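Take a look at the structure set out below.
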Amino acid sequence: MRTSVSFWSKLCWLLALSLAVSMGAQAHGVAGDDAAFVAANQGTQIVPFLYLGAKHMVTGYDHLLFIFGVIFFLYRLSQVALYVTMFSLGHSITLLVGVLGGIHVNPHLIDAIIGLSVVYKAFDNLGGFRSLFGIEFDQKRAVLIFGLFHGFGLATKIQELNPSRDGLLPNMISFNVGVELGQLIALSLMLGIVIVWRSRESFARQAVLANAAILTAGLVLIGYQLTGYFVQRGA
Amino acid sequence: MMRSEQAVAAPSRKTLFTVLIGGTIAASAILVGFVLPAEYRIDPLGIGKLTGLLQLAGPERVEVALPPTDSSGSLARFYPVAFRTDTVEIPLAGAGDADGTDDLEWKVRMRTGGTLVYSWSVDAPPEEFYSDMHGESAPTPEVKVVTYHKGAGIESNGAIVAPFDGIHGWYLQNQAERPVVVRLKLSGFYELPEDPYAGSNSQSTP
């Protein structure tokens, strides 16, 4: 009885924390003055787009939650590098193809799939697919495929701003490199936290709670974006 | 193979079910209680109203129905100032052209009962131009909105009487591939706002 009470109180605490973090971070779109810059800009602007890409990643909680889920149980740095490379490969392809090829995808549906990727990774970390369904996915392939969807998400954010065709290729490459830089920054922070956390005795039990919280946050993202999709269609 | 490289938390099936059910309940509660009221003004439990979260969703928009054209209370209207006349040329980029905008809002400020007579035409191919003539009030706290006319077409002529204080005008959208220019002529009892292109901004005070 006592353990179950402490389970729920800890879960609530983690939820409150993840909620606070997500409210602090502005996940969606490029806001205010940044948006005005992209809309008004003509020609090649390497550093500004580099910065915008990095900023979008560092403050994008949906991408961060997924990466956090991916690295949660990766103990070897070479493994971290491999998985993050798969993710980067995936989202770079669709970011560039999406923006340069003018492919428009509904941002709400894409963001809902990004939410699904978060749920998937948390459930996988809990061993849920194996234990409840007896199936096991190829993790590298899964990260690559969800990376493709995350890239479309990045593309829709850029497309909303109507960037100029003049200098679009170098600007998008700069944005993409910025995304990778931002990801590296966020990743180092998260790795630091996870490594310290894993060295503690209580990690094993808290790992279940943490992934339960990530799963919950992913479900909230899905509901948020799907509602947005239907509200938009009704309007 | 994959798993040998990657450890996982391996809770019991019972704990997994608890996590799934608990997570779904918690996510639904967060969504219905907080996210939906704050983002979309959807507030089935009334928590958004209770906590003030609803304010984050922006002002409520109330659609004002136009009375039928033949049932006006009085067909004569009088004003303390002379009417004004303006001619505006509004250029629009080709549809999907990244170097310019292919759609925008252009609006004037009108008082309740103000009259506006207008004509506009555009050099776009027929069926490749869309417009939506509408008006909206400042938030008081809800925003009143009215739709006068919308649809495809390359010209429009008409007159409106503003049903409330606010900004009234057009959303114009070029669907042709080449750039076009809208030529708008208007007369009546209205004012030009500082920026007629500011568009449907509920925060602007008419």
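No hydrogens, no waters, no symmetry mates; every other heavy atom, side chains included, goes into these values. Quick caveat, the model's predicted, so the values are computed rather than measured. Residue numbers start from 1 in every chain, and the chains themselves are labelled A, B, ... in the order their sequence lines are given, proteins ahead of strands.
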Point to revise | Engaged part of B:Ser28 at the chain A interface, taking heavy atoms whose separation is under 4.5 Å | key: neither

Point to revise | Under 4.5 Å from any heavy atom of chain B - which part of A:Phe72 | key: neither

Check your understanding: chain A heavy atoms under 4.5 Å from B:Ile25: which part of the residue, side chain, backbone, both or neither?
Key -> neither

Exercise for review: Spell out, as yes or no, whether a donor-acceptor pair under 3.5 Å connects the side chain of B:Tyr40 to the backbone of A:Tyr224.
Suggested key: yes

Check your understanding: Which atom pair, heavy atoms only, marks the closest approach of B:Leu16 to A:Ser131?
Key -> CD1-OG, 3.2 Å

Point to revise | Heavy-atom closest contact (B:Val35 atom, A:Val220 atom, distance) | key: CG2-CG1, 4.0 Å

**Study point:** Test side-chain contact (heavy atoms from CB on, under 4.5 Å) applied to B:Ile30 and A:Leu219, step by step
**Key:** CA-CA 10 Å; B:Ile30 294 170; A:Leu219 288 176; over 6 Å; no

Check your understanding: Can any side-chain N or O of B:Arg13 pair as donor or acceptor with the backbone N or O of A:Leu132 at less than 3.5 Å?
Key -> no

Exercise for review: Check whether any side-chain heavy atom of A:Thr216 lies under 4.5 Å from a side-chain heavy atom of B:Thr24, and answer yes or no.
Suggested key: no

Check your understanding: How would you list, by chain and number, every residue that makes a salt bridge (charged side-chain N to carboxylate O under 4.0 Å, His left out) with B:Glu89, sequence neighbours excluded?
Key -> B:Arg183

Exercise for review: For atom CZ of B:Phe83, decide whether the heavy atoms of other residues, nucleotides or ligands shown that lie under 6.0 angstrom number more than 12.
Suggested key: no

Check your understanding: Do other residues, nucleotides or ligands put more than 12 heavy atoms under 6.0 Å from the CD atom of B:Glu142?
Key -> yes

Point to revise | Residues that B:Arg84 engages under salt bridge (charged side-chain N to carboxylate O under 4.0 Å, His left out), provided they are two or more places apart | key: B:Asp86

Check your understanding: If you look at every heavy atom in A:Leu126 and B:Pro11, which pair is closest and at what distance?
Key -> O-CD, 3.2 Å

Review point. Does CD in B:Glu63 sit with more than 12 non-hydrogen atoms of other residues, nucleotides or ligands closer than 6.0 Å?
Key: yes

